[in-house]
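Values below: all heavy atoms of this structure, side chains included; hydrogens, waters and symmetry mates excluded.
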Amino acid sequence: MNKRLLITLTAAVLLGGVAAGYTALSGATPDDAAQSVPAGAGPRLMVLSNGKLSTVSRTDPAGSREVTEQRCDRVYSAAGTISCLRPVGALKASELAVLDRELKELRTVPLTGFPNRTRVSASGRMVAWTLFVDGHSYAANGFSTSTGILDTKTGTLVTSLEEFAVEGMPQRPVDTNYWGVTFTADDNRFYATMSTGGHRYLLEGDFAARRVRPLTELDDVECPSLSPDGTRIAYKKAVGGDPQKGWRVSVLDLATRAVTELAETRSVDDQPAWVDDRTVAYGIQRDDGLNDVWAVPADGSGTPAILVPEASSPAPIS
């Protein structure tokens, strides 16, 4: 028995089913296939490889990969601020770790639930996260989420968007869930998904005013991601309005309300990320349980292509 096989078998015995769950979430591989090689200068993408924070060149994302020892279940980065969601113990204990570009830990926030989504504003100031408190899928009934926002400049922490007033609703419905925050350029307004009464609305939030406004004319808008130019939102749209049938990656024009379904026809259960103004990236789980990061043109043209193999949680960084 060679050394590589011995290590693999030992890890399987020790981790068992926990490893399988972690693999599906973080893009882990059975072995350390992604060797750490400097990704080079220029624009890069941050991803998770084998559960480890990694970077690749945006001009050659399938090429060399620089792999760190920092582990996260979900990650996102902008302007030198890194949001890392990670489990810290048994059951539902998790935490948000805010890191700088050198991976120095700036702040941690204890959380309860299973890491699911995270975003950082373009300036690096605002950090948001979503965790599953009950359930593990947006396709199931009866799931419960917890979504919060941290202002890293002032230290203001909102542990749950349920603290915010809902415009047009004197009393917040008891079945409300929020998930998938994306920030505008002013570090105050944001978009997210709000579910209530069987609907999944796009909402617009005001952090300073502690208020959210559901855009009830925009239903089935989940996990929004604002484009770099602030004019469009990439999101996952339930097929036929039924999440149990899967989701189609789509783009909403905020000015005209026109919706463009992208060329990816497989179901995508991820918060899309804009690689640039023309390209949307997202993760898809393979039949073997591993994840790949795919990309597709944002105008509905072209065909999907693997951007970063055996990876998840893509975020463009300079």
Side-chain angles (χ1 to χ4, degrees), residues 45-46 53 70 72-86 94-111 113 115-131 145-167 177-194 202-215 221-235 254 270-275 277 281 313-318:
L45 282 171
M46 180 174 289
L53 193 153
Q70 178 65 56
C72 309
D73 272 11
R74 288 286 179 179
V75 72
Y76 200 80
S77 179
T81 299
I82 300 170
S83 173
C84 170
L85 289 177
R86 60 195 184 195
S94 301
E95 72 177 7
L96 164 74
V98 180
L99 315 172
D100 67 12
R101 65 177 74 249
E102 303 301 325
L103 305 187
K104 178 184 177 183
E105 197 170 279
L106 303 176
R107 179 167 178 175
T108 60
V109 177
L111 302 169
N116 184 253
R117 304 284 188 250
T118 188
R119 276 297 187 267
V120 179
S121 66
S123 71
R125 173 176 173 174
M126 309 298 289
V127 176
W129 61 90
T130 296
L131 297 95
T145 61
S146 176
T147 295
I149 298 177
L150 170 67
D151 183 337
T152 64
K153 182 177 180 179
T154 65
T156 303
L157 172 65
V158 173
T159 57
S160 174
L161 287 186
E162 294 182 7
E163 300 174 19
F164 284 19
V166 181
E167 188 174 310
N177 277 301
Y178 301 99
W179 66 89
V181 170
T182 184
F183 295 101
T184 65
D186 65 6
D187 284 333
N188 180 55
R189 292 184 306 115
F190 60 91
Y191 294 95
T193 298
M194 172 185 176
L202 179 69
L203 72 79
E204 185 175 17
D206 186 316
F207 186 77
R210 298 292 193 276
R211 184 179 64 246
V212 297
R213 179 172 65 96
L215 305 177
V221 179
E222 297 187 57
C223 300
S225 179
L226 190 63
S227 62
D229 63 9
T231 64
R232 293 157 293 159
I233 283 180
Y235 67 102
L254 288 170
D270 198 8
Q271 184 171 15
W274 291 82
V275 178
D277 275 323
S313 286
I317 56 177
S318 56

* To do: May I have the step-by-step check of side-chain contact (heavy atoms from CB on, under 4.5 Å) for Leu131 and Ser94, ending in yes or no?
  => CA-CA 9 Å; Leu131 297 95; Ser94 301; 3.8 Å; yes

* Test applied, side-chain contact (heavy atoms from CB on, under 4.5 Å); reference residue, Ile82; option that passes from Leu106, Leu99, Asp100, Val98 -> Leu99

* **Contacts of type side-chain contact (heavy atoms from CB on, under 4.5 Å), residue Ser83, not counting sequence neighbours** => Leu96, Thr118, Val120, Val127

* To do: Using the test side-chain hydrogen bond (donor to acceptor under 3.5 Å, both in side chains), find all partners of Thr182 that sit at least two apart in sequence or belong to another chain.
  => none

* Asked: How would you list, by chain and number, every residue that makes a side-chain hydrogen bond (donor to acceptor under 3.5 Å, both in side chains) with Asp187, sequence neighbours excluded?
  -> Ser121, Ser123

* To do: Just jot down the salt bridge (Lys or Arg N to Asp or Glu O under 4.0 Å) partners of Arg119, sequence neighbours excluded, or say none.
  => none

* Rounded distance [0.5 Å steps], CD in Gln70 versus CD in Glu105 -> 7.5 Å

* Asked: With distance as the sole criterion, is a donor-acceptor pair present between the side chains of Thr154 and Thr156 under 3.5 Å?
  -> yes

* Sequence-distant partners of Val212, side-chain contact (heavy atoms from CB on, under 4.5 Å), two or more places apart -> Phe164, Val166, Tyr178, Phe190, Leu203

* Asked: Which value, rounded to the nearest 0.5 Å, describes the distance between Thr231 atom OG1 and Asp277 atom CG?
  -> 7.0 Å

* Asked: So do Leu254 and Tyr191 actually touch side chain to side chain, heavy atoms under 4.5 Å?
  -> yes

* Apply side-chain hydrogen bond (donor to acceptor under 3.5 Å, both in side chains) to the pair Thr147 and Thr130, showing each step before the final yes or no. => CA-CA 4 Å; Thr147 295; Thr130 296; 2.8 Å; yes

* To do: Could you pull out all residues at least two apart from Ser225 that satisfy side-chain hydrogen bond (donor to acceptor under 3.5 Å, both in side chains)?
  => none

* Pairing residues for Glu95 by the side-chain contact (heavy atoms from CB on, under 4.5 Å) criterion, not counting sequence neighbours -> Arg86, Val88, Thr108

* How far does CZ of Arg107 sit from OG1 of Thr152, to the nearest 0.5 angstrom? -> 9.5 Å

* **Set of residues satisfying ring-ring contact (aromatic ring centres under 6.0 Å, His included) with respect to Trp179, sequence neighbours excluded** => Tyr138, Phe143

* Taking salt bridge (Lys or Arg N to Asp or Glu O under 4.0 Å) as the test, write out the residues that go with Arg189, two or more places apart. => Asp186, Glu204

* Rounded distance (nearest 0.5 Å) linking atom OG of Ser160 with atom CG of Leu111 -> 11.0 Å

* Over 12 non-hydrogen atoms of neighbours within 6.0 angstrom of CZ in Arg210 -> yes

* Listed by chain and number, what are the side-chain hydrogen bond (donor to acceptor under 3.5 Å, both in side chains) partners of Thr193, not counting sequence neighbours? -> none

* Nearest 0.5 Å, what's the CG-OG1 distance between Leu150 and Thr81? -> 10.0 Å

* Asked: What is the distance from atom OH of Tyr235 to atom CD of Glu222, rounded to the nearest 0.5 Å?
  -> 10.0 Å

* **Listed partners of Asp151 passing salt bridge (Lys or Arg N to Asp or Glu O under 4.0 Å), at least two apart** => Arg125

* Asked: Between Leu85 and Asn116, is any pair of side-chain heavy atoms under 4.5 Å apart?
  -> no

* Close side-chain approach of Leu161 to Met194, heavy-atom, < 4.5 Å -> no

* Find out whether Trp274 and Pro228 are in side-chain contact, i.e. whether some heavy atom of one side chain is under 4.5 Å from a heavy atom of the other. => yes

* Asked: If you take all heavy atoms of Cys223 and Asp270, which pair is closest and at what distance?
  -> CB-O, 4.0 Å

* To do: Return the set of residues passing side-chain contact (heavy atoms from CB on, under 4.5 Å) with Ala208 (not counting sequence neighbours), or none when no residue passes.
  => Asn188, Asp206

